[in-house]
Student: 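First the structure, which I've put down as structure tokens, then a few questions once you've had a look.
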Amino acid sequence: MSALASTADPLTFAAHAPAAAVQPFAANLVQSVDWLAIAPPTLTAVVGLVVLVADLFVADAKKALLGWLSVAGLAASGLLLLPLLDGDRSTFCLTGDTHVCSYTADRFTLVVQFLVLGGALLAALLSVTLLKDADKRLPEGEYWFLLLSSAAGAALLPASRDLATLIVALEVASLPAFALVGIRQGDRKSSEAALKFFLSSVTATAVSLLGISFVYASTGTLYLTQVAERIQHVDGQLHTLAQTGVVLTLIGFAFKTAAVPFHFWVPDTYVGAPLPIAAYLSVVGKAVGFSGLILVTVVALPSYADVWGPALAALAALTMTVGNVGALRQQATRAYSAVRLLAWSSVGQAGYLLVPIAAAAYSDDAEHSVGSTVAYALMYAAVNLGAFAVAALVGRTKAANRLADYRGLYASNPVAALLLAFFLLCLAGLPPGIIGLFAKVTVFSAAVDAGLGWLAVVMAVNVVIALFYYLQWTALLFRAPEGEPAVHRLPAPLTAALALTGVVGVALSGAPQLVLRFADTGLF
């Protein structure tokens, strides 16, 4: 009995065993950390903590320094991706199997982290102007801490290779975003938007956790690659439990991607949030949701492709249709109609992003299909952030941000009008926005190659619907203004955001093949 106890209890065993026998056991408890691999999200989180502490000591007159420190931190985090390009790196691995890890910095991870950190950087540039215009009405230290914390979680998520880390990263990205949406104290729209966003996200997390717990109960592991192996050989008594876990996990991530019918929070959240945060959610929030969905479906549950494939295809068709019809119904004179149009448009774009993931279930080359989603996400991020940057410019003088407020923008600010026209044409998929056309053709071909002809037809119809409202907004920019044209002053941070998005959009339109090459995921 005592022998059994000493073997079962590590502490008792360590006390009675020779030193030589204890060494291997102690060594197994020590896990090396690849600090370079985890550097991008780690630096983002550290800068967030530095900004929060510095806010206690920086005088009110110099609070703007916190914003520029945050911008510099995000830029430095993005640069830390460069040393990781030479090959895949993994850390937090099982001591018995170094191929099973919790964190992997592969091609897919780096591309999504580039998108996340780049999107957060542009949102930070827009935020510098917002906080200056707010004139101390927004808490700057808390604002930057929340933004950087959310960006750190978003950068962690694509590297997650176990379900626990995936959920933790998802919540680290989401929880600060609730507070950012409702950060304007005393604003009923902002509070309502934050509440809707919070309730929908918490529901999504609860459903996902329930599904993941069922998957864990069925397979006995949380690591994605091990789940993929073991879920194919689940005991017959646990088969229903595993299927239920798969379905619930997918439903939870459908909330995060704003797929219909889980999209109801999007328009009101975008309107109630500060405009840079709406831009952040439209790009970084989508990157988080879709990268998590890709990891769960294509990496962890490929054997259940017959379940999630048809489900995602139906969701894609429904999402793009509802989103584009919602954008089409926006009235030019309604308050916040420009932001609402961008919100509904983002729902429609989410439908396009779902198409290649659904196609991966039917395709012999799932990696190519996933690459199409990543390529489309890169295009959408650049041009959508540019459109929000112009909306932020107009919103400085027209607080209601109606579509009618953009009439005659070319007369008062030709550069901003031309850039917005270019961004809208990219989103519509029309020349000279070649990158938008290229991305849509890539997604369309992924559906056709996978045998989803009906989904390609639905997508084609929705592209035509979207053409109407994008071109209608574009035409407004060049019409004669009503009365004296408003003068829009361009602060340096806003100018930098417009310049960056414009340069990226034009450069990629000149060489669109670079996007697909860059988006080669390397997941397999």
Side-chain angles (χ1 to χ4, degrees), residues 62-75 78 117-138 140 143-144 147-148 151 180 183-184 270-271 273-284 336 338-339 341-343 346 380-403 405-424 426-427 473-474 476-477 485-507:
K62 296 182 178 180
K63 293 288 188 185
L65 293 174
L66 300 177
W68 290 113
L69 176 59
S70 301
V71 169
L74 288 167
L117 295 173
L121 175 61
L122 288 166
L125 287 171
L126 298 180
S127 298
V128 171
T129 301
L130 169 79
L131 292 171
K132 183 178 179 182
D133 291 344
D135 193 23
K136 309 298 185 268
R137 292 192 301 273
L138 291 176
E140 296 195 33
Y143 183 99
W144 292 116
L147 181 62
L148 289 165
L180 285 168
I183 201 167
R184 291 189 291 215
Y270 282 26
V271 168
L275 206 55
I277 301 306
Y280 175 83
L281 291 174
S282 74
V283 170
V284 178
Y336 308 107
V339 180
L341 188 147
L342 288 172
S346 76
Y380 170 75
V383 299
N384 202 62
L385 283 168
F388 267 103
V390 178
L393 173 64
V394 174
R396 298 185 75 218
T397 55
K398 304 285 187 179
N401 223 320
R402 303 172 301 164
L403 286 169
D405 296 332
Y406 293 77
R407 177 169 179 166
L409 181 62
Y410 182 77
S412 59
N413 197 320
V415 174
L418 289 172
L419 282 173
L420 180 56
F422 174 71
F423 296 140
L424 293 174
C426 284
L427 289 169
W473 192 356
T474 304
L476 269 178
L477 305 175
V487 177
H488 302 285
R489 296 182 59 188
L490 267 172
L494 200 49
T495 303
L498 283 169
L500 281 172
T501 51
V503 168
V504 170
V506 171

Student: Could you give the distance from CD (Glu140) to CG (Leu131), rounded to the nearest 0.5 Å?
Tutor: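 So the gap between those two atoms works out to 5.0 Å.
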Student: If you round to the nearest 0.5 Å, how far is CG of Asn413 from CG of Leu419?
Tutor: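 Spacing of CG (Leu419) from CG (Asn413) equals 9.0 Å.
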Student: As an exercise, state the distance from CZ of Phe423 to CZ of Phe388, rounded to the nearest 0.5 Å.
Tutor: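 The CZ atom of Phe388 is 13.0 Å from CZ of Phe423, to the nearest 0.5 Å.
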Student: Report yes if some heavy atom in the side chain of Thr129 is under 4.5 Å from a heavy atom in the side chain of Lys132; otherwise report no.
Tutor: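 No, side chains not in contact.
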Student: Quick check: closest heavy atoms across Leu74 and Ala120, and the distance to 0.1 Å?
Tutor: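 Looks like CD1-O, 3.6 Å.
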Student: Between Ser127 and Trp144, which heavy-atom pair has the shortest distance, and what is it?
Tutor: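 For Ser127 versus Trp144, the nearest heavy atoms are CB-CH2, 3.5 Å.
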Student: Could you state the interatomic distance from CG (Leu385) to CG (Leu498), rounded to the nearest 0.5 Å?
Tutor: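 Between atom CG of Leu385 and atom CG of Leu498 there are 11.0 Å.
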Student: Do side-chain atoms of Asp133 reach the backbone of Leu130 as a donor and acceptor pair under 3.5 angstrom?
Tutor: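 Not confirmed, Asp133 side chain does not pair with Leu130 backbone.
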Student: Show the nearest heavy-atom pair for residues Ala399 and Tyr336, with the distance to one decimal.
Tutor: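 Closest pair (atom of Ala399, atom of Tyr336, distance): O-CE2, 3.6 Å.
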Student: How close do Pro274 and Ile183 get, counting heavy atoms only, and between which atoms?
Tutor: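 Here Pro274 and Ile183 meet closest at CG-CG2, 4.0 Å.
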Student: Decide side chain to side chain contact (heavy atoms under 4.5 Å, CB included) for Leu275 and Val339; before the verdict, give the C-alpha distance in whole Å, the side-chain angles of both, and the deciding distance to 0.1 Å.
Tutor: CA-CA 8 Å; Leu275 206 55; Val339 180; 3.8 Å; yes
Student: So, does Tyr280 use its side chain to make a donor-acceptor pair with the main chain of Ala151 at under 3.5 Å?
Tutor: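 Here the side-chain-to-backbone pair exists.
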Student: Going from CG on Leu125 to CG on Leu494, what distance comes out if it is rounded to the nearest 0.5 angstrom?
Tutor: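 It is 9.0 Å, given to the nearest 0.5 Å.
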Student: Test side chain to side chain contact (heavy atoms under 4.5 Å, CB included) on Leu122 and Val283; report intermediate values, then the result.
Tutor: CA-CA 11 Å; Leu122 288 166; Val283 170; over 6 Å; no
Student: Distance check, rounded to the nearest 0.5 Å: Thr474 atom OG1 versus Leu418 atom CG?
Tutor: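 Answer rounded to 0.5 Å: 11.0 Å.
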Student: Output yes when a side-chain donor or acceptor of Asn401 lies under 3.5 Å from a complementary backbone atom of Ala391, and no otherwise.
Tutor: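 At least one qualifying donor-acceptor pair exists.
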Student: Side chains of Trp473 and Leu420: closer than 4.5 Å at any heavy-atom pair?
Tutor: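 Yes; the side chains approach each other to less than 4.5 Å.
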Student: So does Tyr410 have more than 12 non-hydrogen atoms from other groups sitting under 6.0 Å from OH?
Tutor: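 No.
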Student: Which pair of non-hydrogen atoms, one from Ala343 and one from Ser346, has the smallest distance, and what is that distance?
Tutor: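 The answer is O-OG, 2.6 Å.
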Student: List the atom of Tyr270, the atom of Ala278, and the distance in Å for their closest heavy-atom pair.
Tutor: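 For Tyr270 and Ala278, the tightest heavy-atom pair comes out as O-CB, 3.7 Å.
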Student: Is Thr501 close to Phe422 at the side-chain level, that is, under 4.5 Å between some pair of heavy atoms?
Tutor: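 They are not in side-chain contact.
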